Every structure is written in structure tokens, then in C-alpha cells.
2 protein chains.
Amino acid sequence: MSIGRLATLCGCKVQTIRYYEEVGILPPARRSGGNQRLYTPTHGERLLFIRHCREFGFTIEQIREMLLLGGDGERSCEEIDRIARERLEEVKQKILRLQGLQAELERIITGCQGGRVITCRILSSLADHGQCLHPRHGVMDPEEGVGN
Amino acid sequence: MSIGRLATLCGCKVQTIRYYEEVGILPPARRSGGNQRLYTPTHGERLLFIRHCREFGFTIEQIREMLLLGGDGERSCEEIDRIARERLEEVKQKILRLQGLQAELERIITGCQGGRVITCRILSSLADHGQCLHPRHGVMDPEEGVGN
DNA sequence: GCTTGCAGCTCCAGCGACTGGAGGTTTTAT
DNA sequence: ATAAAACCTCCAGTCGCTGGAGCTGCAAGC
């Protein structure tokens, strides 16, 4: 199977597949006489696993670890469980964070009565920390705004 | 006011301030004889506005636009309102997205009974698209997992 | 006046997970 | 045989910082 076909089947880009090979989570493919990659269904399965993990927001390092742990079928799945639970915790935290943000944004947008910029409550809310109701000011995570 | 003092007051790093100057959202400061930046309270206000916006997840480009629009006090605040509402919509979408993720992660974690890796339901769920209940498979945004 | 040490300066590389492009080669279809 | 599409490698760019190297400025204590 060519790299293009694999990309189509797995719903990702050709460059992404080469990137996964480069960072070592997808094993190098056999090459044709003209140096083109030839993939097996096994590669396809692994790539689908990787893509699915990425959709859940696992990092490449977490995926690498899971693939390593998954390689030994007799090993306890404790560690896999831990990684997944860690990710779940992150997701929950981020939801809370965003819900706070949503409330605050709604508050400042509601304040704006649609006049001129000089009296705009959105701008003044953003300018003035005194008006800020935000609970964890300045300690955001790097994916959603400022990370300190 | 030195750059270090400004950084302390605004709760950000010295490098961040220099970065904002470099990308043109914070005007260059007057320099001392020894070429060190000297800031005024006006700079401080602007920096606080920027930091506050960043905590809400506005991009540098959105902040640039808001600063530009805010510069003319007589202008209608329609555009500011639009930018803020766009951001609110993004936040709402991301919350929905993450809630789906949370449900799915909880489902696959619950499936794992803590045996050996070879029978681990977390791994098989991640490997098998057939088991995937995820609604918007493969169309995630770049901040939370895969973006296509 | 001299040293010490922190704070500042510029320039550049790196983060994560890709993405896109240049410039060349191979495969495939007509 | 030829043209188009797909492939190859290598490198730069994305975003918003962050950290480091290697230098200079400045205030305080002796």
C-alpha cells in the first residue's frame, strides 16, 4: 500500500505519516525499487491507533508509552489505565476552566450596550483588572490562553 | 519604570514584554543612556489590557485589532463586540467538544477491568474505530488534539 | 574607585504536532 | 512516449512565548 493510500484510509495527511515515522511511533516501511514507502495492514492498524489517540488529545509521548506498554500482552494494564485517567483529569480541568471563561465573557459582552468605543464595557472590562471576576487570574494552561 | 518592574507589576516575564514590542502590540519604550527600556504608566495599562485579553484566549491578532479599534473612541464598538462574541462561540464549541471527549474517555476507562494488556479494553477501544462513539471523528481543532 | 552581582541588552534556538513548499524522482495512465 | 500525479528529501513556518549564550549597564557596599 502506498503512503497516499494509507493516508486516505486513515484520514490523515501524507506528511503526518512521515512525521510519525520520523519521531519513531510508526515503524519505517519497506521501500520499493524507486525508494517509495510500501505499507502493510499492520502499519494501518498502528496508524489508526495513533490517530485515535491523537483525537483524544494524548500527546505523542503518551502514545509512544502506550504502544510500548501494549507491546507486551502479558503486562498489567495498570499503566495504560493511569495514562488514560490522567488525560481524563486534564479534560475535566479544562472544561471547568473554559466554563469560567464562558461566564466571564458573557458577563462582559452583556455589559456592552452597543455605543461608541469610548464607552464600550468590553474594552473597559478587558482593561481593568479591578472588574475582573476571574478566579484563577494569570495561571492559565498553555493550551487555553496564558500559561505561567 | 524598568522592564523588570513592569513585568512584576503585570505578572508576566521580561521576555514576554519584549516579544509584545517585537510583534508590535506594545509601543517601543524610551531608552536610557545605557539603552535600557524605560516604561510609563500608559505602557503598564496597555500591557495589562493585553495580558487580560490573552487570559481570555484572544490571539495576538485579535488583540492587535481591538487595540486599533479602541484607538478611535468615537467609532462604534460593533467590531469589538463581534470579536468578543466570536471568542465566546469558540469557547462554547470547545466545551462541547471536550464534554464529548470526557464521556468517551470515561466509557473506555470503565471498560478496563484491570487485567493484562492483551485484554485491555482501553487499548482495544483506542485501536478499533468500530467501537468509536465519538461524534466528530477526525475533525478536531488544533488546540485539542487533531485538527484536519 | 573598585568589585560584585543582579538586571538589562541582542540574537537565536526550541517547544508540539504538524503543514507547506522547493526541487527533484518514480509511478501510472493514456 | 509522454504527461500527470504521486512520491522523495530537506527545510522553513505556524503560535506565543521561553530559555540560553554572551555581552553591557547600574546600584550598593567596601
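It should be emphasised that the depicted structure is a prediction, and the values quoted were computed from it without experimental measurement. Chain letters run A, B, ... following the sequence lines, proteins first and then strands; every chain starts at 1.
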Student: For residues Leu126(A) and Met66(B), determine if any side-chain heavy atom of one lies less than 4.5 Å from a side-chain heavy atom of the other.
Tutor: yes
Student: Can you identify which nucleotide, out of dC17(D), dA17(C), dT10(C), has its nearest atom closest to the Tyr19(A) side chain?
Tutor: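 Within the option list, the nearest is dA17(C).
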Student: Verify whether one side chain among Arg51(A) and Tyr20(A) offers a donor that lies under 3.5 Å from an acceptor in the other.
Tutor: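 The answer is yes; a qualifying pair exists.
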Student: What are the two closest heavy atoms between Leu105(A) and Arg87(B), and how far apart are they?
Tutor: CD1-CG, 3.9 Å
Student: Rounded off to whole Å, could you give me the CD-to-P distance for the Glu22(A) and dT19(C) pair?
Tutor: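 After rounding, the reported distance stands at 14 Å.
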Student: Whole Å only: how far is the CD1 atom of Ile17(B) from the C1' atom of dC9(C)?
Tutor: 14 Å
Student: So, does Arg54(A) get its side chain near the phosphate of dC18(C), meaning an N or O under 4.0 Å from OP1 or OP2?
Tutor: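 For dC18(C), OP1/OP2 do have a side-chain N/O of Arg54(A) under 4.0 Å.
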Student: Reading DNA chain D from 5' onward, which residue's closest nucleotide shows up sooner: Phe58(B) or Gln15(B)?
Tutor: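 Going by which nucleotide is closer to the 5' end, it is Phe58(B).
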Student: Check whether any side-chain nitrogen or oxygen of Arg51(A) sits under 4.0 Å from OP1 or OP2 of dC18(C), and answer yes or no.
Tutor: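 Answer is yes, contact under 4.0 Å.
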Student: Could you check if a side-chain atom of Ile50(A) sits within less than 4.5 angstrom of a side-chain atom of Leu67(A), using non-hydrogen atoms only?
Tutor: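 Ile50(A) reaches Leu67(A) side chain to side chain.
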Student: Whole-Å distance between dC18(C) C1' and Leu47(A) CG?
Tutor: 14 Å
Student: Taking only side-chain N and O atoms of Lys13(B), does any of them lie within less than 4.0 angstrom of OP1 or OP2 on dG19(D)?
Tutor: yes
Student: What is the separation between atom CZ on Arg5(B) and atom C1' on dC6(C), rounded to the nearest whole Å?
Tutor: 16 Å
Student: Taking atom CD as the centre, does Glu78(A) end up with more than 12 heavy-atom neighbours from other residues, nucleotides or ligands that are less than 6.0 angstrom away?
Tutor: no
Student: Could you tell me the separation between the NE2 atom of His52(B) and the C1' atom of dG16(D), rounded to a whole number of Å?
Tutor: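 His52(B) atom NE2 is separated from dG16(D) atom C1' by 18 Å.
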Student: dC17(D) phosphate, OP1 or OP2: any side-chain N/O from Tyr20(B) under 4.0 angstrom?
Tutor: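 The answer is yes; a side-chain N or O of Tyr20(B) sits under 4.0 Å from OP1 or OP2.
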Student: Tell me, yes or no, whether the heavy-atom count around Ile118(B) atom CD1, taken from other residues, nucleotides or ligands under 6.0 Å, exceeds 12.
Tutor: no
Student: Both Ile50(B) and Ser2(A) contact DNA chain D. Which one's nearest nucleotide lies toward the 5' end?
Tutor: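 In this pair, the answer is Ser2(A).
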Student: May I have the distance from Glu61(A) (atom CD) to dC18(C) (atom C1'), rounded to whole angstrom?
Tutor: 15 Å
Student: Mind listing the residues from residues 24-37 of chain A sitting with a heavy atom below 4.0 Å of DNA chain D? Number order is fine.
Tutor: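 Listed by number, they are Arg31(A), Asn35(A), Gln36(A), Arg37(A).
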Student: Taking the side chain from Arg54(A) and the backbone from Phe58(A), do they hold a donor-acceptor pair closer than 3.5 Å?
Tutor: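 Yes: the side chain of Arg54(A) pairs with the backbone of Phe58(A).
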Student: Which of these nucleotides, dA17(C), dC9(C), dC7(D), is closest to any side-chain atom of Ile3(A)?
Tutor: dC7(D)
Student: Whole angstroms only, please: what is the CE-P distance between Met1(A) and dC7(D)?
Tutor: 12 Å
Student: Can you check the Arg18(A) CZ to dC11(D) P distance for me, whole Å?
Tutor: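 The answer, rounded to whole Å, is 15 Å.
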